[in-house]
Amino acid sequence: MDIIRLCAWGYAALLGFVILTGYIPAFIDANDMIFGLFRRTWYADGLHLVSALWAATAAMASRRASELFFQLFGVFYFADGVLGLLTGSGYLDFGILINGVLDLPLSTRFFANAPHLGLGGVAILIGYGLAPRTRTTVHA
């Protein structure tokens with residue numbers, strides 16, 4: 001199995017862990033917030049579950065499916081993080097529609113959106129940077 005498919009398995013596991021953090025008491029504060037930043041919601045869990053299943057399916061299917069996962073996932077999650085950084089609400093969890101623009105301190109917006117900026121940014125690097133460099137070409 002090549003590096004891109006292994007990375008997709010890693011993303012599937014990481015996204016699965018993200019879901020689990022909402023159910024592990026050590027990560028939940030007195031206000032029922034995950035790490036004091038994230039409210040546990042069924043639609044956020046659904047988003048992360050679909051993303052984890054997408055990563056796992058891509059990893060099982062092929063290298064090309066894994067590359068496409070990183071290219072699309074990366075752009076979607078990074079853009080969500082940028083919107084969240086600018087407005088306090090993302091779009092993948094419908095936050096911009098549900099909550100609108102939030103008047104939050106920059107530090108809160110940064111830490112709340114850092115996971116999507118990081119996951120999306122690394123996925124973009126994998127999909128558009130690492131993947132082309134690690135492709136093998138078959139010569140007849």
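Counting from 1, the numbers follow the sequence of the chain as shown. Keep in mind that what you see is a predicted model, and the values were worked out from it rather than measured.
When all heavy atoms of Phe111 and Phe38 are compared, the closest pair comes out as O-CZ, 4.1 Å. For the residue pair Pro132 and Gly127, the shortest heavy atom distance occurs at CD-O, 3.9 Å. Listed here is the closest heavy atom pair of Ala56 and Ala12: N-CB, 3.8 Å. Nearest heavy-atom pair across Ala52 and Gly16 is CB-N, 4.2 Å.
Screening residues 98-113 for side-chain hydrogen bond (donor to acceptor under 3.5 Å, both in side chains), with sequence neighbours left out, gives no hits. Residue pairs meeting the side-chain hydrogen bond (donor to acceptor under 3.5 Å, both in side chains) criterion with at least one member in residues 76-94, sequence neighbours excluded, are Ser51-Tyr77, Asp80-His116. For residues 63-74, the side-chain hydrogen bond (donor to acceptor under 3.5 Å, both in side chains) pairs, not counting sequence neighbours, are Asp2-Arg63, Arg63-Glu67, Arg63-Thr134, Arg64-Glu67, Glu67-Arg135.
Within a 6.0 Å radius of CZ in Phe35, more than 12 heavy atoms belonging to other residues, nucleotides or ligands are found.
Qualifying side chain to side chain donor-acceptor pair (under 3.5 Å) partners for Arg5, counting only residues two or more places apart in sequence or in other chains: none. Residues passing the ring-ring contact (aromatic ring centres under 6.0 Å, His included) test with Phe94: none are found, sequence neighbours excluded.
Grouping Ile, Leu, Val, Met, Phe, Trp and Tyr residues whose side-chain heavy atoms lie under 4.5 Å apart, directly or via other members, places Trp9 in a hydrophobic cluster with Met1, Leu6, Met60.
Rounding to the nearest 0.5 Å places CG of Asp32 at 6.0 Å from CD1 of Ile28. Taken to the nearest 0.5 Å, the CG atom of Leu125 stands 11.0 Å off from the SG atom of Cys7. The CD1 atom of Ile19 sits 11.5 Å away from atom CD1 of Ile24, with the distance rounded to the nearest 0.5 Å. Atom-to-atom distance recorded for Ile124:CD1 and Phe78:CZ is 6.0 Å, nearest 0.5 angstrom.
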### Task
Show your reasoning for whether salt bridge (charged side-chain N to carboxylate O under 4.0 Å, His left out) applies to Asp45 and Arg40.
CA-CA 8 Å; Asp45 283 349; Arg40 184 178 32 193; over 6 Å; no
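Ring planes of Phe73 and Tyr11: perpendicular class, angle over 60° (limits at 30 and 60°).
In terms of modelled atom types and a separation under 3.5 Å, the side chain of Thr21 and the main chain of Val18 share a donor-acceptor contact.
In this structure, Trp42 is not a member of the same hydrophobic cluster as Leu49, with clusters built from ILVMFWY side-chain heavy atoms closer than 4.5 Å.
Between Leu15 and Leu119 there is a side-chain heavy-atom pair separated by less than 4.5 Å.
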